[in-house]
Chemist: 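Below you'll find the structure I mean.
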Amino acid sequence: MITKRAYKYRIYPNREQRNFFAKTFGCVRLFYNMSLDDMIKIYKEKKEYKDITPASYKEQFQFLKEVDSLALSNAQLNRNKAFKAFFRKQNKFPKYKTKRNKQSYSTNNQNGTVYLSEDYKYISLPKIKNVRIKMHRKFKGVIKTVTVSKECDNTYYVSILVEENIEPKSKTNKSVGIDLGIKSYIVDSDSNKINNPKYLSKSLVRLEVEQRKLSHMKKDSKNRDKQRIKVARLHHHIRNQRNDFLHKLSSKYINENQVISLEDLDIKQMEQDSTLSFFVADASWSKFVSMLEYKGKWYGRDIIKVPTFFPSSQVCSCCGYQNKDIKDLSIREWVCPKCGSSHNRDHNASINILNKGLDILKARTLPVSSLTLDSKESLSEKPPLL
Ligand SMILES: [Zn+2]
C-alpha cells in the first residue's frame with residue numbers, strides 16, 4: 001500500500017541557520033496575518049472571497065523575496081483552508097499567528113531540493129543547506145514535504161512527510177477484544193492487563209508547582225523567560241513519553257492480531273465531561289485508537305469498533321445473561337446468577353467486545369442473503385432501554 005507517513009527528528013541549526021529560520025518564520029507570519037487582514041477587509045466591503053498571493057506583497061516588502069517562496073505558498077494554502085472551513089461553519093474564525101505560538105513553516109521537495117547527506121547527519125532544504133539532524137530511525141521512500149518548527153523551549157525539529165510503500169503483514173488467526181479504562185489502561189480478552197502510565201498525573205504535581213512559579217514572575221523578566229522554557233520542556237517530555245507508550249502498545253496489538261475489537265467510545269463527549277476530562281486527556285484513548293486504525297490499514301488488519309450502547313460489562317460472556325446490577329461501576333468482580341461463572345468486570349467486558357466485533361465482521365463479509373437471524377439482528381440493533 002502506498003501511503004504517506006511523517007517522521008519527526010530533532011535538528012541542530014547553527015547560528016546562521018537559526019537566523020534564516022527566524023526570518024522565514026517571521027515572513028510567513030507577516031504574510032499570513034497581513035493577507036488575512038486584507039481578506040477580511042475585502043470580505044466586509046464587497047462580500048467576496050479573494051485569494052491573496054504572496055507576490056502581491058513582494059514589491060512593498062522586498063525581504064519576502066529572500067526566504068523560501070514555498071514557505072509563503074504553503075502559508076497561503078493553510079490560510080485558505082482556515083478561511084474556507086470558517087465559511088462552511090466547520091471552524092472558528094481564522095486566528096492570527098503570534099510570536100508566542102510554536103513557530104513553523106512548510107516547504108516541498110521539488111526534484112531533490114530536499115535531501116539528506118550520505119551519512120544521514122545533515123538535511124538540506126531550499127535555500128538552506130546542511131542542517132545537522134539526529135535521525136533516530138531511518139525511512140525508505142520519497143520525501144514530499146518538510147515542516148521546520150521551533151518549540152517554545154527553543155528546540156528545533158523537522159517533520160518529514162514521506163511517501164512509502166508499506167507491505168501488509170502476513171495474516172494470523174488471532175483476534176483480541178480490548179476494554180479501555182481508567183483504572184487499567186487496557187484489559188484484553190487474553191487476560192493482559194496494561195496499567196495506565198498516568199504520566200500526566202505523576203508529573204502534574206511538578207507541573208503545577210512550576211506553572212505557579214511562572215505565574216508569579218514579573219512579566220518580560222529574564223527569570224520568567226527561563227521558567228517558561230522549563231514548563232514547556234516538561235510538557236514536551238510528558239508528550240514524548242506518552243507517544244512512545246502509545247506507539248509501542250498499538251504496534252504490539254497490530255503485530256499479534258488479525259482482528260482487534262474495541263468499544264467505539266464517544267471520546268469527544270467524554271472529553272467535555274469535566275470530571276472525566278483529565279483522565280481522558282491523560283490516557284489519550286483517541287490517539288491510541290487512531291494509531292490502531294492507521295496501522296491496521298497499513299498492515300492489513302481489521303479494527304472493529306463496537307457500538308457503545310452494547311452493554312459489554314453487564315453481559316455474562318459464558319451464557320449471555322444480562323446482569324443489570326453490574327451497572328454499578330464499583331463492582332469489579334461478580335458471579336453470574338444464571339450459570340455461576342465468576343467474572344472480572346473488565347476481562348468479561350473485553351471478551352464480550354471481542355465476540356461482538358467478530359459478529360460485526362462476519363456480517364460485513366457475508367452476502368446479505370446468507371445472514372443468519374442472529375447477525376441480522378446485530379446489524380439493526382437498537383440501544384437497549386435502560
Ligand atoms: Zn452466565
Side-chain angles (χ1 to χ4, degrees), residues 1-25 27-28 66-75 77-78 102-169 229 232-233 235-252 254-255 287 290-291 294-300:
M1 173 187 186
I2 304 279
T3 186
K4 281 182 188 158
R5 190 167 171 178
Y7 293 84
K8 194 171 179 182
Y9 303 105
R10 184 147 177 203
I11 53 170
Y12 301 86
N14 61 29
R15 181 189 295 237
E16 192 190 325
Q17 292 163 339
R18 288 199 298 271
N19 285 341
F20 175 82
F21 288 147
K23 199 165 161 182
T24 312
F25 298 146
C27 285
V28 163
E66 292 164 26
V67 300
D68 181 356
S69 61
L70 289 165
L72 300 175
S73 308
N74 284 316
L77 288 178
N78 286 337
K102 180 173 115 172
Q103 309 283 298
S104 72
Y105 79 88
S106 296
T107 186
N108 310 70
N109 184 17
Q110 295 184 318
N111 301 316
T113 49
V114 175
Y115 55 90
L116 292 153
S117 64
E118 267 175 36
D119 57 6
Y120 294 100
K121 284 184 176 160
Y122 297 92
I123 185 167
S124 293
L125 305 167
K127 292 199 166 180
I128 187 90
K129 301 279 168 276
N130 299 322
V131 182
R132 206 154 72 75
I133 185 170
K134 192 180 173 205
M135 290 190 73
H136 52 281
R137 62 193 294 212
K138 295 203 174 105
F139 57 80
K140 275 185 201 159
V142 184
I143 298 173
K144 305 303 275 185
T145 62
V146 176
T147 300
V148 179
S149 60
K150 182 189 173 197
E151 298 283 339
C152 303
D153 62 0
N154 295 329
T155 52
Y156 292 78
Y157 295 85
V158 283
S159 176
I160 307 178
L161 195 68
V162 179
E163 196 171 79
E164 289 184 327
N165 187 12
I166 298 181
E167 299 283 339
K169 292 191 186 289
I229 290 170
R233 286 219 170 115
H235 271 296
H236 200 149
H237 176 68
I238 293 164
R239 199 164 62 228
N240 280 348
Q241 278 184 313
R242 191 166 57 194
N243 277 347
D244 207 46
F245 166 76
L246 295 177
H247 268 302
K248 282 187 181 138
L249 195 61
S250 55
S251 290
K252 179 184 173 318
I254 291 283
N255 285 339
K287 195 155 200 181
S290 88
M291 282 180 182
Y294 73 70
K295 289 180 185 178
K297 252 187 216 153
W298 289 351
Y299 297 118

Chemist: Does Lys150 make a cation-pi contact with Phe21 (under 6.0 Å, within 45 degrees of the axis)?
Modeler: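 Here Lys150 fails the 6.0 Å and 45° test against Phe21.
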
Chemist: Enter the distance from Ile128:CD1 to Gln17:CD here, rounded to the nearest 0.5 Å.
Modeler: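 The distance works out to 4.5 Å.
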
Chemist: Are there more than 12 heavy atoms of other residues, nucleotides or ligands under 6.0 Å from atom NZ of Lys121?
Modeler: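 Open: at most 12 neighbouring heavy atoms sit under 6.0 Å from NZ of Lys121.
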
Chemist: Looking at Lys138, His136, Glu164, which one forms a side-chain hydrogen bond (donor to acceptor under 3.5 Å, both in side chains) with Tyr7?
Modeler: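 Exactly one candidate clears the test, Glu164.
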
Chemist: Could you tell me which non-hydrogen atom of Pro13 sits nearest to which non-hydrogen atom of Val131, and how far apart they are?
Modeler: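 Pro13 and Val131 have their closest heavy atoms at CA-CG1, 3.9 Å.
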
Chemist: For Lys287, is there any backbone N or O sitting under 3.5 Å from a side-chain donor or acceptor partner on Ser290?
Modeler: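 Answer holds: yes.
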
Chemist: State which residues pass side-chain contact (heavy atoms from CB on, under 4.5 Å) with Tyr294; sequence neighbours excluded, sorted by chain then number.
Modeler: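 side-chain contact (heavy atoms from CB on, under 4.5 Å) check on Tyr294 returns His247, Met291, Trp298.
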
Chemist: Quick one: sort the His236 and Tyr157 rings into parallel, tilted or perpendicular, breaks at 30° and 60°.
Modeler: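 Aromatic pair His236/Tyr157 classed tilted.
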
Chemist: A quick test of your reading: do over 12 heavy atoms of other residues, nucleotides or ligands sit less than 6.0 Å from NZ of Lys297?
Modeler: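 No.
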
Chemist: Could you state the interatomic distance from CD (Glu151) to CD (Gln103), rounded to the nearest 0.5 Å?
Modeler: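 It comes to 10.5 Å.
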
Chemist: If you define the side chain from C-beta out and look only at heavy atoms, does anything of Val28 sit under 4.5 Å from Leu72?
Modeler: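 Val28 reaches Leu72 side chain to side chain.
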
Chemist: Would you say the side chain of Leu70 lies within less than 4.5 Å of the side chain of Gln110, judging by non-hydrogen atoms?
Modeler: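 Gln110 vs Leu70: side chains touch.
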
Chemist: Contact between Asp68 and Leu125 at the side-chain level, heavy atoms closer than 4.5 Å - yes or no?
Modeler: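 No, too far: nothing below the 4.5 Å cut-off.
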
Chemist: For a 4.5 angstrom cut-off between non-hydrogen side-chain atoms, does Val148 reach Phe25?
Modeler: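 When only atoms from C-beta onward are counted, Phe25 and Val148 do touch, with a gap below 4.5 Å.
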
Chemist: If I take atom CZ from residue Phe20 and atom NZ from residue Lys127, how far apart are they, to the nearest 0.5 angstrom?
Modeler: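 Those atoms lie 7.0 Å apart.
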
Chemist: To the nearest 0.5 Å, what is the distance between CG (Leu77) and OG (Ser106)?
Modeler: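 Output value for this atom pair is 10.0 Å.
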
Chemist: Hey, does the side chain of Asn109 reach the backbone of Lys144 with a donor-acceptor pair shorter than 3.5 angstrom?
Modeler: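 Not confirmed, Asn109 side chain does not pair with Lys144 backbone.
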
Chemist: With no hydrogens and no angle check, is any side-chain donor or acceptor of Ser250 less than 3.5 Å from a backbone partner on Leu246?
Modeler: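 Indeed, once roles are kept as given, a pair shorter than 3.5 Å links the two residues.
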
Chemist: Nearest 0.5 Å please: distance from the CG atom of Leu161 over to the CD atom of Glu163.
Modeler: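 The CG atom of Leu161 sits 8.5 Å away from the CD atom of Glu163.
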
Chemist: Just verifying a value: how many Å separate Asn19 CG and Glu16 CD, rounded to the nearest 0.5 Å?
Modeler: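 So the gap between those two atoms works out to 8.0 Å.
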
Chemist: What's the shortest heavy-atom distance between Ile229 and Cys152, and which atoms?
Modeler: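 Heavy-atom minimum between the residues: CG1-O, 3.9 Å.
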
Chemist: Can you find a pair of side-chain heavy atoms, one from Tyr115 and one from Lys129, that are under 4.5 Å apart?
Modeler: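 In short, these two side chains touch, coming nearer than 4.5 Å.
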
Chemist: With Asn108, which of Thr113, Thr145, Asn74 fulfils side-chain hydrogen bond (donor to acceptor under 3.5 Å, both in side chains)?
Modeler: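 When side-chain hydrogen bond (donor to acceptor under 3.5 Å, both in side chains) is applied between Asn108 and each of Thr113, Thr145, Asn74, only Asn74 qualifies.
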
Chemist: Looking at every heavy atom in both Pro126 and Val114, which two are closest together, and how far apart are they?
Modeler: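 Answer, listing the atom of Pro126 first, then Val114: CD-CG2, 3.9 Å.
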
Chemist: Does Asp153 pair with Arg233 as a salt bridge, N-O distance under 4.0 Å?
Modeler: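 Arg233 and Asp153: salt-bridged.
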
Chemist: Taking Arg137's backbone N and O only, do any of them form a donor-acceptor pair with Tyr9's side chain (distance below 3.5 Å, no angle check)?
Modeler: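 Yes, the answer is positive, given that a donor and an acceptor are paired below the 3.5 Å cut-off.
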
